[in-house]
Every structure is written in C-alpha cells, then in structure tokens.
Amino acid sequence: MFAEHVLSGMRPTGSLHLGHYHGVLKNWVRLQNDHPCLFFAADWHALTTQYDDPRGIEKATWEMVIDWLAAGVDPKKAILFVQSQVLEHAELHLLFSMLTPLGWLERVPTYKDQQEKLSNKDLSTYGFLGYPLLMSADILIYRASKVPVGEDQIPHVEFTRELARRFNHLYGREPGFEDRAKETVGKLGGRDARAFERLRTSFQQEGDAEAAERARALLRESPKLSGEDRERLRGYLEGTGKTILVEPDYLLTEASKMPGLDGQKMSKSYGNTIALREDAASVTQKIRRMPTDPSRVRRSDAGDPDKCPVWQLHQVYSGAECRDWAAKGCRAAGIGCLECKQPVIDGILKEQAPMRERAQTYLDDPALVRDILADGRDKASALARETMRDVRAAMGLKHG
Ligand code: TRP
Ligand code: SF4
C-alpha cells in the first residue's frame with residue numbers, strides 16, 4: 001500500500017496569473033511540505049475541448065510548469081509530470097469505460113454546463129463525455145487519498161469515489177477469496193482465530209457494530225499478520241472483498257480572494273489579469289490605469305474605498321497600517337489615487353521578485369525543466385504500474 005498521496009492536476013491554459021497563485025499554487029506549495037504530492041499537467045483533458053486546435057497545448061504545458069516552479073512548487077518534494085507521458089492513465093481509462101454506466105457520465109453536472117458554456121464548439125464527443133472518467137483514472141491510479149480541487153471539480157471527485165466502489169465491488173474478490181481468507185484467519189492462531197470468526201458472524205448476521213470494532217482491533221493488534229493479510233481479513237470481515245482502488249477525499253481549495261484589475265474575479269476570460277511573471281513596467285502601468293471609485297473625479301473629491309477595486313488589492317497586499325492610511329486618505333481626499341496605488345504596486349512586485357528569479361533559471365536552461373518532467377514521469381509511472389498490476393489481475397488480464 002502507498003503512503004497517503006495528494007494528487008492534483010491542472011489543464012494547461014498557458015501562463016498563469018496571480019489568481020492561480022493565490023488560489024491554487026500557494027496551496028500546493030504548502031501541501032508539498034507535509035505530504036507526498038503528485039502534480040501534473042492534464043494535457044489530455046485539454047484535448048477534450050481543444051481537439052480541433054491542439055497546437056497550443058504543448059507550449060501552454062511548458063509555460064504552466066515553469067509557472068509552478070516559479071511559484072515555489074519544488075521538484076525535490078513533489079512529483080511533477082505531464083499526463084500524456086504516463087500511458088497507464090489511458091489504459092485505466094479504457095478499462096473503466098467497460099464498467100461505467102453511460103447515465104453516470106451524462107448526469108455529471110459539468111457535462112451539460114460546459115457544453116452550454118462552450119456552445120461554439122461541438123462537445124458531443126466520446127472524449128468529452130468521458131472527461132470525469134479520465135479524471136478518475138488520474139486519481140485512482142495513484143491510490144491518492146487527497147485531491148485538492150476547486151469547488152467546480154467536486155462532482156468529479158465524488159464520481160471517482162462511486163467508480164472506485166463499483167470497481168471494488170465487481171472485482172474485489174480475488175479468485176478463491178473465501179478460501180484464502182480462511183487460511184489467513186488461521187495465521188491469527190487458535191484462540192484469536194476462533195474469536196475473529198465468532199465476531200465476524202455476529203457482525204454479518206446481526207449487524208453487531210461493536211463486534212466489528214473488536215474484530216478490527218484484533219487485526220490491528222495481531223503481530224502475526226502482514227499488511228496484505230490484514231487487508232484481506234478486513235475485506236472478509238466486512239463482506240466487501242479486497243480494496244483494490246482507494247476512495248479519495250477532496251480537499252476544497254478556497255476560491256482565491258485575488259481580484260482582477262476591474263474588481264471582478266481575476267480570470268483570463270475577463271481580460272483582467274496580471275501574469276505570475278509579468279514584467280515590472282507592465283504591472284506598474286496596469287495598476288496605474290486601474291479604475292477607482294467613479295465618484296472620485298478630481299483629486300479634491302472624497303472617495304469610498306468600498307467602491308474601488310484598488311481597495312480590494314490593498315486587502316491582499318497591504319498591512320493594517322497601510323490600509324488605514326489608504327482608507328482615511330481616500331475618505332478625506334487626503335491622498336491621490338496614484339499615491340494610494342503605489343503600495344499595491346510595490347506589494348505585487350515584491351511578491352513576484354522571487355518568482356521571476358526562479359523562473360529565470362529555467363528559462364536560461366530549459367534542459368532543467370525537461371529533466372524534472374522526465375524524472376516525474378518515471379516516478380509516477382512506477383506508482384501507476386503497481387496499481388495496474390492489481391487492476392489487470394482483478395479484471396482477468398494477467399495472461400501468464
Ligand atoms: N479537471 C481538473 C480541472 O479542470 C484538472 C484535473 C484533471 C484534475 N485530472 C485531475 C484535478 C485529477 C485533480 C485530480 O481543474
Ligand atoms: Fe481607490 Fe485609493 Fe483612489 Fe480611494 S484613494 S478611490 S481607495 S485608489
């Protein structure tokens with residue numbers, strides 16, 4: 001069994017902006033310190049909606065990975081890779097397609113939503129319908145227990161849980177499971193073996209939950225069982241067979257508080273972004289041109305910070321003292337808007353400085369990025385192969 005892996009993917013949409021940084025990447029950087037993490041570029045997922053024009057995907061993947069590294073995602077701590085380089089995802093997706101009822105896919109809310117939203121594209125394709133199924137393969141192939149995602153992706157993780165359950169139910173019984181389980185019970189030794197059988201019967205016939213708990217404690221405490229033995233007996237106790245695939249939990253990534261240049265959420269589709277590694281002159285100019293409280297026409301007009309998108313940026317970048325200075329100065333017309341914007345500009349540039357520096361190393365020597373992704377691919381493949389061995393055996397595809 002694996003350690004508790006955290007896994008997340010991102011579709012390559014090109015260079016990332018500060019909204020991605022404050023929403024997703026800061027979270028990844030935090031997670032990589034306490035968990036074994038896998039982060040990957042979901043380029044096959046990009047193809048589900050960009051099959052008609054796939055040319056940009058490769059470059060977008062590259063820029064995105066450099067942005068991850070710039071943000072502090074550390075290849076010494078986390079495994080970074082590109083989805084399409086680990087072919088096992090595709091194999092698992094294919095095998096899943098055999099057991100997934102069409103209705104399950106059609107009912108995933110993002111299916112119809114996205115088709116309507118992207119109505120200029122023909123998304124009535126097999127691949128697009130299978131979007132959540134591919135995502136399930138991404139997650140289950142690493143037996144990931146935690147999946148950081150935004151709110152919009154929660155239905156996909158729930159779908160993944162259901163699929164894992166269905167898979168385990170269909171294939172969790174290795175041939176001769178009962179016999180092997182009985183044999184394993186013998187390893188517990190006379191008294192404990194008899195106690196285990198008695199507790200199992202109480203649980204299975206009378207639903208005695210306390211008996212199940214005692215049986216589990218017995219398994220936990222017995223020094224005579226290997227990890228695999230323990231797992232088999234847990235399946236025997238609960239009547240579920242063997243857990244081949246692990247049901248993941250999602251870790252909800254809170255929506256970023258980073259507003260865009262117009263006060264709406266920062267998003268590429270609104271054209272209100274600042275790129276993660278945007279150059280200083282351009283950042284300065286964008287902030288200086290930002291709209292402010294519309295009632296502040298002249299310098300002498302008092303303003304209301306609550307009606308000003310710059311004020312929202314102060315919430316992200318300024319300390320209490322500076323915010324106080326800005327709010328008071330605005331309301332009393334004591335400061336001008338350009339003056340008010342300066343600390344925000346300084347804050348953004350300060351945040352970006354280490355990112356730009358880290359990115360430069362990789363821009364100067366792209367072989368470093370290639371090495372990181374090759375190493376990530378190898379590590380991810382090794383984990384994926386282990387799961388696929390069990391999956392193939394469970395589905396009768398061992399062949400010798
Ligand atoms: N669908 C996710 C998104 O658009 C990206 C993704 C693909 C993903 N596979 C995944 C996220 C597996 C988490 C786990 O954001
Ligand atoms: Fe906005 Fe600051 Fe100008 Fe007030 S002073 S309107 S908060 S930019």
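FYI, side chains are in, hydrogens and waters are out, and symmetry mates aren't considered; it's all heavy atoms of this structure. Start at 1 and go down the list; that is how both ligands and their atoms are numbered.
- Tyr171 places none of its side-chain heavy atoms less than 4.5 Å from the side chain of Val391.
- Residue Trp68 forms a ring pair (Phe, Tyr, Trp, His ring centres under 6.0 Å) with just one option from Tyr362, Trp28, Phe40, Tyr21, and that option is Trp28.
- Below 3.5 Å of separation, one finds no N or O of Ser8 facing any N or O of ligand 1.
- Nearest protein heavy-atom contact of atom 12 (C) of ligand 1 is Met135 CG, 3.6 Å.
- Within ligand 1, counting atoms from 1 as listed, the ones closer than 4.0 Å to a heavy atom of His45 are 7 (C), 9 (N).
- Judged by the 6.0 Å distance and 45° axis criteria, Arg166 is positioned over the aromatic ring of Trp104.
- Interface atoms of ligand 1 facing Arg11, defined by a heavy-atom separation under 4.0 Å, are 4 (O).
- Residue pairs meeting the salt bridge (Lys or Arg N to Asp or Glu O under 4.0 Å) criterion with at least one member in residues 290-302: none, sequence neighbours excluded.
- The shortest heavy-atom contact between Thr243 and Glu231 is O-OE2, 3.0 Å.
- Residue Arg377 comes nearest to Phe81 through the heavy atom pair N-CB, 3.8 Å, listed as atom of the first residue, atom of the second, then distance.
- For ligand 1, the atoms sitting less than 4.0 Å from at least one non-hydrogen atom of Ile139 are 12 (C), 14 (C), numbered in the order shown with element in parentheses.
- Atom numbering of ligand 1 starts at 1 in the shown order; those under 4.0 Å from a heavy atom of Leu7 are 12 (C), 14 (C).
- There is no side-chain donor-acceptor pair under 3.5 Å between Ser15 and Asp67.
- Side-chain contact, Glu278 with Ser282: a donor N or O sits under 3.5 Å from an acceptor N or O.
- Heavy-atom proximity to atom 1 (N) of ligand 1, evaluated over Tyr131, Phe40, Phe39, is greatest for Tyr131.
- Contacts between Val147 and ligand 1, counted as non-hydrogen atom pairs separated by less than 4.0 Å, involve the side chain only.
- Only the side chain of Gln153 comes within 4.0 Å of ligand 1, judged by heavy-atom distances.
- When non-hydrogen atoms are compared, ligand 1 lies under 4.0 Å from neither the backbone nor the side chain of Val157.
- Protein atoms that are N, O or S and lie under 2.8 Å from atom 3 (Fe) of ligand 2 are these: Cys337 SG.
- Side-chain contact check for Thr184 and Arg232: at least one donor-acceptor pair (N or O, by modelled atom type) lies under 3.5 Å.
- Among protein heavy atoms, the minimum distance from atom 13 (C) of ligand 1 is reached at Gly9 N, 3.5 Å.
- Between the side chains of Gln50 and His45, no donor-acceptor pair is found at a separation under 3.5 Å.
- With ring centers used as reference points, His156 lies under 6.0 Å from Tyr131.
- Counting heavy atoms from C-beta on, the side chains of His89 and Tyr142 come closer than 4.5 Å.
- For a threshold of 3.5 Å applied to N or O pairs, the pair formed by Asp138 and ligand 1 contains at least one separation below that value.
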